[in-house]
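Written out below as structure tokens is the structure these notes cover.
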Amino acid sequence: MFKPIPVSIGLRYLRAKRRNGFISFISMASILGIALGVTVLITTLAVMSGFQKEIRDRLLQMTAHTTITADGAPMANWQHAVEVARKDPRVAGAAPYIEIQAMLSGARVQGAIVQGIAPALEPAVSVINTKVKKGSFDSLKEGSYNLLVGQELAIWLGVDVGDTVLVTLAEVQGTPMGAMPRLKRFTVSGIFEAGYNEIDRGVAYANMADLERVLRMDGVTGVRLKLHDMDKALDVGVDLAHNLSGGYRVSDWTQQNANLYHSLRMEKVVMGILLSLIIAMGAFNLVSSQVMLVTDKQADIAILRTLGLTPGGVMQVFMVQGSLIGIFGTVLGVVGGITLTLNLERILGAIETVFNVKLLPEDVYYITGLPTDMQTPDIVIITVIALVMSFLATLYPAWRAARTQPAEALRYE
């Protein structure tokens, strides 16, 4: 099979002479350095993506993908909005809600968001009915004035199922004595655990009709939608608002939790940049090995030049040789990263068994496992970065080899 001369010579130079085995050792160190950097970067980004996905899923299972609210006023005809939403094939469920800030008073006082929900419709947009640890979700009956509180919130308030909680709503009513906040005693009928601190400590659920009666509202805050594809949340909300033909405000899950997701994305990007320095270290080792190889092959380069090989051809020889080292290291790193990520849970379990330690104790962390989510775009980007760094590392040594003068190189041969 025909090979271009620079490629043939570059392949031959992959293995140094026996007397110069140190160069081969440095080349192997370059391969292992690039492979290690790629492996660590793939595994780290997979773990960070896994945590991001876990947090997102835990949050979205308790909240909606899209929220439609009336612009500055209660949504009176919410039944029509729910019917229109259900006709959209992209919508998996729709339910109305009332949301208001309140102060909950038990043994202690804690601010929280009180949400009024329709128990018959709420399971279509959230899993609150499956997260109740004590008490019952079915206790949220109209006229019962019962309340479901998060586990962390219940601990902070010092209440349990059957205790009463004084709810001071962020609404005022006119009285002969002036403006007074609306107060109502609710009975704690259930305690839930969502596995997300912001919800477990800052949200309580009541029957929508009860909360509507206390607030003297004629309507609801809005309608929440659960979609088959959460990435289409904003488009579905905008289409539904247009179909309702009124002044509505649409927000999706990325807008409602913008700070959280922006911070998670920023952490992932910064970590990727920092860990890319490991690949850069392997590339610097590649520069060293290539420079030493060029020095070792001065006589060979001079002979090739006298036989008619152009400076560009000499440069191609060492670029091929260095690029192959980068390719080998990148391939090993990709295979190692995928293998390590797929077996990370087993490795974590083995470490806990051998050293008799608990790396992620359940009483400290909400996420007790080590979730991973390998994303093809991340692997592709890491592979491209490693290959580009390896290619750039070959330019200076190859350029230096091309500048070799045959007469000076052969003077003492």
Side-chain angles (χ1 to χ4, degrees), residues 6-7 9-49 267-298 314-344 347-348 351 370 372 374-402:
V7 176
I9 300 175
L11 292 173
R12 174 66 181 82
Y13 281 175
L14 277 176
R15 184 176 179 181
K17 295 179 181 178
R18 184 175 301 177
R19 62 185 176 86
N20 289 327
F22 182 66
I23 298 178
S24 296
F25 173 78
I26 296 180
S27 298
M28 183 59 64
S30 301
I31 293 176
L32 294 178
I34 295 173
L36 179 62
V38 173
T39 299
V40 171
L41 191 51
I42 289 177
T43 304
T44 302
L45 293 187
V47 171
M48 294 191 71
S49 297
E267 288 178 2
K268 183 178 178 181
V269 172
V270 172
M271 186 61 68
I273 294 174
L274 293 178
L275 292 179
S276 296
L277 297 177
I278 300 178
I279 303 177
M281 292 176 61
F284 284 134
N285 288 335
L286 179 57
V287 173
S288 302
S289 65
Q290 289 295 99
V291 170
M292 295 182 65
L293 181 63
V294 169
T295 304
D296 180 63
K297 300 296 184 181
Q298 288 289 310
V314 174
M315 192 170 181
Q316 292 176 19
V317 168
F318 289 94
M319 288 178 66
V320 168
Q321 193 264 350
S323 297
L324 288 174
I325 291 178
I327 292 173
F328 289 156
T330 302
V331 171
L332 287 176
V334 170
V335 174
I338 294 175
T339 303
L340 178 60
T341 302
L342 293 177
N343 295 277
L344 198 57
I347 295 174
L348 181 65
I351 293 175
L370 197 60
T372 57
M374 276 193 302
Q375 299 181 357
T376 302
D378 289 344
I379 298 177
V380 172
I381 292 174
I382 293 170
T383 303
V384 171
I385 290 175
L387 292 176
V388 169
M389 285 186 177
S390 301
F391 176 76
L392 294 177
T394 64
L395 293 180
Y396 172 73
W399 174 76
R400 183 173 175 177

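Here the structure is a predicted model, which means the values were calculated and not measured. By convention here, the first residue in the shown sequence is residue 1.
Summarising the geometry, atom CG belonging to Leu332 is positioned 11.5 Å from atom CG belonging to Leu36; distances are rounded to the nearest 0.5 Å. Atom NZ in Lys297 sits 9.5 Å away from atom CD in Gln321 (nearest 0.5 Å). Between the OG1 atom of Thr376 and the CD1 atom of Ile381 there is a distance of 11.0 Å, given to the nearest 0.5 Å. Put simply, CG on Leu387 and CD1 on Ile382 are 12.0 Å apart, with the number rounded to the nearest 0.5 Å. Here the CD1 atom belonging to Ile347 is positioned 8.5 Å from the OG1 atom belonging to Thr43, to the nearest 0.5 angstrom. Atom CG of Leu277 sits about 9.0 Å away from atom CZ of Phe284, to the nearest 0.5 Å.
Of all non-hydrogen atoms in Thr330 and Ala386, the two that sit nearest each other are OG1-CB, 3.4 Å. When every heavy atom of Phe318 is checked against every heavy atom of Thr394, the shortest pair comes out as O-CB, 4.3 Å. When all heavy atoms of Ala46 and Thr341 are compared, the pair lying nearest together is CB-CG2, 3.6 Å. Residues Ala393 and Ala283 come closest through the heavy atom pair CB-O, 3.5 Å. Between Ile34 and Ser390, the shortest heavy-atom distance links the atoms CD1-OG, 3.4 Å.
Taking a 6.0 Å sphere around CE of Met374, one finds it holds more than 12 heavy atoms contributed by other residues, nucleotides or ligands.
Counting heavy atoms from C-beta on, the side chains of Leu32 and Met28 come closer than 4.5 Å. Within the 4.5 Å cutoff, no side-chain heavy atoms of Ile42 are placed close to those of Asp378. Counting heavy atoms from C-beta outward, Leu41 and Ser276 have side chains that approach closer than 4.5 Å. No side-chain heavy atom of Met271 sits under 4.5 Å from any side-chain heavy atom of Glu267. You'll find the side chain of Ile325 reaches within 4.5 Å of the side chain of Gln290, heavy atoms only.
With Thr372 contributing its side chain and Val47 its backbone, the two residues share no donor-acceptor pair below 3.5 Å.
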